[in-house]
Amino acid sequence: MLPPTYPEAAIALQEEISRLVVTEGDPYPSLVAGLDAAYARDGRTVFGAAALLVFPSLEFVEGAWAACEIAFPYIPGLFAFREGPALIEALGRLAHTPDLLIVDGHGIAHPRRCGIASHIGVVTGIPSIGVAKHLLCGAAAEPGSERGSAAPVTEGGATIGCAVRTVTGVHPVYVSVGHRVGLVEAVRLVLALSDGYRLPAPIRAAHALANRVRERGDGL
DNA sequence: GCGACAG
DNA sequence: ATCTTGTCGC
(Lines give C-alpha, C1' and ligand atoms only; values in the text may rest on other atoms or scores of the structure.)
Protein backbone atom coordinates (compact mmCIF):
# COMPACT_ATOMS: atom_id res chain seq x y z
CA MET A 1 0.00 0.00 0.00
CA LEU A 2 1.27 3.48 -0.88
CA PRO A 3 1.81 6.05 1.88
CA PRO A 4 -1.61 7.38 2.89
CA THR A 5 -2.45 10.91 1.78
CA TYR A 6 -5.44 11.54 4.03
CA PRO A 7 -5.79 11.17 7.80
CA GLU A 8 -8.71 8.75 7.35
CA ALA A 9 -6.54 6.42 5.28
CA ALA A 10 -3.69 6.68 7.78
CA ILE A 11 -6.01 5.83 10.65
CA ALA A 12 -7.39 2.83 8.78
CA LEU A 13 -3.84 1.61 8.16
CA GLN A 14 -2.97 1.99 11.84
CA GLU A 15 -5.97 -0.10 12.81
CA GLU A 16 -4.69 -2.87 10.56
CA ILE A 17 -1.11 -2.62 11.78
CA SER A 18 -2.17 -2.63 15.42
CA ARG A 19 -3.65 -6.11 14.92
CA LEU A 20 -0.19 -7.35 13.92
CA VAL A 21 1.61 -6.01 16.98
CA VAL A 22 3.08 -8.67 19.27
CA THR A 23 3.16 -7.41 22.84
CA GLU A 24 5.41 -10.03 24.38
CA GLY A 25 9.00 -11.16 23.95
CA ASP A 26 12.27 -11.13 25.82
CA PRO A 27 15.06 -10.35 23.36
CA TYR A 28 18.69 -10.26 24.38
CA PRO A 29 20.11 -7.97 21.67
CA SER A 30 23.68 -7.69 20.44
CA LEU A 31 23.07 -4.62 18.29
CA VAL A 32 20.59 -1.91 19.24
CA ALA A 33 19.57 0.92 16.91
CA GLY A 34 18.21 4.22 18.16
CA LEU A 35 15.93 6.14 15.77
CA ASP A 36 15.22 9.87 15.80
CA ALA A 37 14.63 12.74 13.40
CA ALA A 38 15.33 16.44 12.97
CA TYR A 39 13.58 18.96 10.75
CA ALA A 40 15.09 21.42 8.30
CA ARG A 41 14.56 25.05 9.28
CA ASP A 42 12.40 25.57 6.22
CA GLY A 43 10.10 22.83 7.47
CA ARG A 44 10.09 20.95 4.19
CA THR A 45 12.62 18.20 4.84
CA VAL A 46 12.91 15.65 7.61
CA PHE A 47 16.25 14.02 8.42
CA GLY A 48 15.95 10.53 9.85
CA ALA A 49 18.88 9.03 11.74
CA ALA A 50 19.74 5.54 12.97
CA ALA A 51 22.56 5.02 15.47
CA LEU A 52 23.79 1.48 16.08
CA LEU A 53 25.30 0.55 19.45
CA VAL A 54 26.61 -2.69 20.93
CA PHE A 55 24.60 -4.13 23.82
CA PRO A 56 25.26 -3.99 26.68
CA SER A 57 28.52 -2.04 26.35
CA LEU A 58 26.80 0.85 24.51
CA GLU A 59 29.84 1.16 22.28
CA PHE A 60 29.00 3.08 19.09
CA VAL A 61 29.23 1.01 15.90
CA GLU A 62 27.86 3.10 13.05
CA GLY A 63 25.30 5.69 12.04
CA ALA A 64 23.15 6.17 8.94
CA TRP A 65 20.75 8.87 7.84
CA ALA A 66 18.25 9.79 5.16
CA ALA A 67 16.59 13.02 4.06
CA CYS A 68 12.96 12.97 2.91
CA GLU A 69 10.51 15.59 1.73
CA ILE A 70 7.86 15.96 4.40
CA ALA A 71 4.75 14.38 2.93
CA PHE A 72 2.39 14.51 5.90
CA PRO A 73 1.43 17.22 8.43
CA TYR A 74 2.04 16.87 12.14
CA ILE A 75 -1.09 15.39 13.64
CA PRO A 76 -0.88 13.91 17.14
CA GLY A 77 -1.50 10.20 16.71
CA LEU A 78 -0.34 10.12 13.08
CA PHE A 79 3.29 10.80 13.77
CA ALA A 80 4.54 7.70 11.98
CA PHE A 81 3.38 8.99 8.62
CA ARG A 82 5.51 12.11 9.02
CA GLU A 83 8.78 10.72 10.38
CA GLY A 84 8.46 7.03 9.68
CA PRO A 85 9.64 7.02 6.05
CA ALA A 86 12.88 8.86 6.88
CA LEU A 87 13.59 6.62 9.87
CA ILE A 88 12.98 3.41 7.93
CA GLU A 89 15.17 4.67 5.08
CA ALA A 90 18.01 5.47 7.50
CA LEU A 91 17.59 2.08 9.14
CA GLY A 92 17.97 0.39 5.78
CA ARG A 93 21.25 2.19 5.17
CA LEU A 94 22.97 0.65 8.18
CA ALA A 95 25.61 -1.92 7.25
CA HIS A 96 24.39 -4.18 10.08
CA THR A 97 20.90 -5.36 10.99
CA PRO A 98 19.86 -4.39 14.53
CA ASP A 99 18.28 -6.91 16.93
CA LEU A 100 16.30 -4.20 18.69
CA LEU A 101 14.96 -0.75 17.84
CA ILE A 102 14.59 2.09 20.36
CA VAL A 103 12.34 4.72 18.84
CA ASP A 104 11.81 8.31 19.97
CA GLY A 105 8.02 8.27 20.43
CA HIS A 106 5.35 5.86 21.67
CA GLY A 107 4.68 2.23 20.89
CA ILE A 108 1.23 1.01 21.97
CA ALA A 109 0.74 3.95 24.35
CA HIS A 110 -1.31 5.39 21.52
CA PRO A 111 -5.04 5.93 20.87
CA ARG A 112 -5.11 3.00 18.42
CA ARG A 113 -2.21 1.14 20.04
CA CYS A 114 -0.09 1.89 17.01
CA GLY A 115 2.48 4.58 17.72
CA ILE A 116 5.58 5.04 15.56
CA ALA A 117 7.60 2.43 17.48
CA SER A 118 4.96 -0.26 16.88
CA HIS A 119 4.48 0.85 13.29
CA ILE A 120 8.19 0.57 12.47
CA GLY A 121 8.50 -2.67 14.44
CA VAL A 122 5.72 -4.33 12.46
CA VAL A 123 6.92 -3.00 9.11
CA THR A 124 10.49 -4.19 9.67
CA GLY A 125 9.74 -7.25 11.78
CA ILE A 126 12.40 -6.15 14.28
CA PRO A 127 11.60 -6.05 18.02
CA SER A 128 10.99 -2.42 19.04
CA ILE A 129 10.41 -0.21 22.07
CA GLY A 130 8.97 3.30 22.21
CA VAL A 131 10.49 5.91 24.52
CA ALA A 132 8.72 9.26 24.70
CA LYS A 133 9.28 12.43 26.70
CA HIS A 134 5.56 13.19 27.05
CA LEU A 135 2.32 11.20 27.12
CA LEU A 136 0.00 11.20 24.14
CA CYS A 137 -2.84 9.42 25.90
CA GLY A 138 -3.53 7.67 29.19
CA ALA A 139 -2.42 8.69 32.65
CA ALA A 140 0.74 7.78 34.55
CA ALA A 141 1.17 7.08 38.23
CA GLU A 142 4.15 8.86 39.79
CA PRO A 143 7.17 6.53 39.99
CA GLY A 144 9.57 6.69 42.93
CA SER A 145 12.26 9.33 42.60
CA GLU A 146 15.15 6.86 42.39
CA ARG A 147 16.63 5.72 39.09
CA GLY A 148 15.02 2.39 38.19
CA SER A 149 11.59 3.19 39.61
CA ALA A 150 8.62 2.61 37.32
CA ALA A 151 4.88 3.21 37.49
CA PRO A 152 2.15 2.11 35.06
CA VAL A 153 0.57 4.24 32.36
CA THR A 154 -3.05 3.21 32.01
CA GLU A 155 -6.02 4.06 29.84
CA GLY A 156 -9.48 2.69 30.36
CA GLY A 157 -8.19 0.10 32.80
CA ALA A 158 -5.55 -1.21 30.41
CA THR A 159 -1.83 -0.88 31.07
CA ILE A 160 -0.26 0.62 27.97
CA GLY A 161 3.18 1.60 29.22
CA CYS A 162 5.34 2.68 32.13
CA ALA A 163 6.71 5.96 33.44
CA VAL A 164 10.36 5.11 34.08
CA ARG A 165 12.86 7.09 36.11
CA THR A 166 16.15 6.78 34.22
CA VAL A 167 17.90 9.41 36.36
CA THR A 168 17.23 10.02 40.06
CA GLY A 169 15.22 13.16 40.60
CA VAL A 170 14.64 13.82 36.89
CA HIS A 171 11.31 13.74 35.05
CA PRO A 172 10.59 10.16 33.87
CA VAL A 173 10.41 8.89 30.29
CA TYR A 174 7.40 6.99 29.03
CA VAL A 175 8.21 3.49 27.83
CA SER A 176 5.80 1.36 25.84
CA VAL A 177 5.88 -1.88 23.92
CA GLY A 178 6.65 -1.40 20.27
CA HIS A 179 6.64 -4.91 18.83
CA ARG A 180 7.83 -8.36 19.94
CA VAL A 181 8.92 -7.17 23.41
CA GLY A 182 6.98 -7.39 26.68
CA LEU A 183 6.51 -4.31 28.85
CA VAL A 184 8.55 -5.60 31.78
CA GLU A 185 11.35 -6.52 29.39
CA ALA A 186 11.10 -3.16 27.62
CA VAL A 187 11.53 -1.29 30.90
CA ARG A 188 14.51 -3.45 31.84
CA LEU A 189 16.14 -2.83 28.45
CA VAL A 190 15.57 0.92 28.54
CA LEU A 191 17.24 1.09 31.94
CA ALA A 192 20.16 -0.98 30.69
CA LEU A 193 20.48 1.40 27.74
CA SER A 194 20.40 4.54 29.89
CA ASP A 195 23.78 5.75 31.10
CA GLY A 196 23.35 8.85 33.21
CA TYR A 197 21.01 10.81 30.97
CA ARG A 198 17.22 10.90 30.79
CA LEU A 199 17.08 9.37 27.31
CA PRO A 200 18.67 6.01 26.43
CA ALA A 201 22.05 6.16 24.68
CA PRO A 202 20.83 4.92 21.26
CA ILE A 203 18.24 7.70 21.06
CA ARG A 204 20.72 10.34 22.16
CA ALA A 205 23.18 9.18 19.52
CA ALA A 206 20.51 9.21 16.82
CA HIS A 207 19.33 12.64 17.94
CA ALA A 208 22.87 14.01 17.75
CA LEU A 209 23.39 12.51 14.29
CA ALA A 210 20.10 13.89 12.95
CA ASN A 211 20.98 17.37 14.18
CA ARG A 212 24.50 17.18 12.77
CA VAL A 213 23.16 16.21 9.36
CA ARG A 214 20.60 19.01 9.45
CA GLU A 215 23.19 21.63 10.32
CA ARG A 216 25.59 20.50 7.64
CA GLY A 217 23.24 20.78 4.71
CA ASP A 218 19.61 21.81 4.67
CA GLY A 219 18.99 20.64 1.14
CA LEU A 220 19.13 17.11 -0.17
C1' DG B 1 -19.02 21.82 22.32
C1' DC B 2 -14.32 22.06 24.94
C1' DG B 3 -9.75 20.78 25.89
C1' DA B 4 -5.68 17.70 25.07
C1' DC B 5 -2.48 16.46 21.89
C1' DA B 6 4.37 11.78 20.73
C1' DG B 7 7.67 15.12 17.52
C1' DA C 1 9.96 19.67 16.17
C1' DT C 2 11.75 24.80 15.50
C1' DC C 3 12.54 29.99 16.68
C1' DT C 4 16.71 31.50 20.56
C1' DT C 5 21.66 33.55 24.99
C1' DG C 6 22.94 33.42 28.82
C1' DT C 7 22.88 31.47 33.09
C1' DC C 8 22.36 28.81 37.49
C1' DG C 9 23.84 24.43 39.38
C1' DC C 10 26.09 19.78 39.99
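Residue numbers start from 1 in every chain, and the chains themselves are labelled A, B, ... in the order their sequence lines are given, proteins ahead of strands.
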Legend entry - Whole angstrom value for the distance that separates C1' of C/dA1 from CZ of A/R44: 17 Å
Legend entry - Footprint string (nucleotides 2-7 of chain B, 5' to 3'): B base within contact, S backbone only, - free, heavy atoms under 4.0 Å: ---BBB
Inset, instruction - Go through A/L91 and A/T124 one step at a time and tell me if the side chain to side chain contact (heavy atoms under 4.5 Å, CB included) criterion holds. - result: CA-CA 9 Å; A/L91 188 54; A/T124 64; 3.9 Å; yes
Inset, instruction - Check whether NZ of the Lys or CZ of the Arg A/R204 lies under 6.0 Å from the centre of the six-membered ring of A/Y197 and within 45 degrees of that ring's axis. - result: yes
Legend entry - A/R113/A/E15 ion pair, N-O < 4.0 Å: no
Inset, instruction - Mark yes or no for whether A/R198, through its side chain, and A/P172, through its backbone, hold a donor-acceptor pair below 3.5 Å. - result: yes
Inset, instruction - Could you pull out the closest heavy-atom pair between A/G107 and A/S176, with the gap in Å? - result: N-OG, 2.7 Å
Inset, instruction - Given side chain to side chain contact (heavy atoms under 4.5 Å, CB included), test A/R147 with A/V167 step by step and report yes or no. - result: CA-CA 5 Å; A/R147 161 177 164 82; A/V167 178; 5.8 Å; no
Inset, instruction - Over all heavy atoms of both residues, which pair between A/L53 and A/P202 is shortest? Give the atoms and the distance, please. - result: CD2-N, 4.0 Å
Legend entry - Nucleic acid contacts - residues 140-167 of chain A versus DNA chain B, non-hydrogen atoms under 4.0 Å: none
Legend entry - Range-with-range stems of DNA chain B (Watson-Crick or G-U pairs under 3.5 Å, three or more in a row): none
Inset, instruction - Determine yes or no for a side-chain-to-main-chain donor-acceptor pair under 3.5 angstrom, with A/H106 supplying the side chain and A/H134 the backbone. - result: yes
Inset, instruction - Fit a plane to each ring of A/H119 and A/F81, take the angle between them on a 0 to 90° scale, and name the class: parallel (under 30°), tilted (30 to 60°) or perpendicular (over 60°). - result: perpendicular
Inset, instruction - Tell me whether A/L20 is reachable from A/L78 by hopping between hydrophobic residues (I, L, V, M, F, W, Y) whose side-chain heavy atoms are closer than 4.5 Å. - result: yes
Legend entry - Distance, rounded to the nearest Å, where A/R41 contributes CZ and C/dA1 contributes P: 14 Å
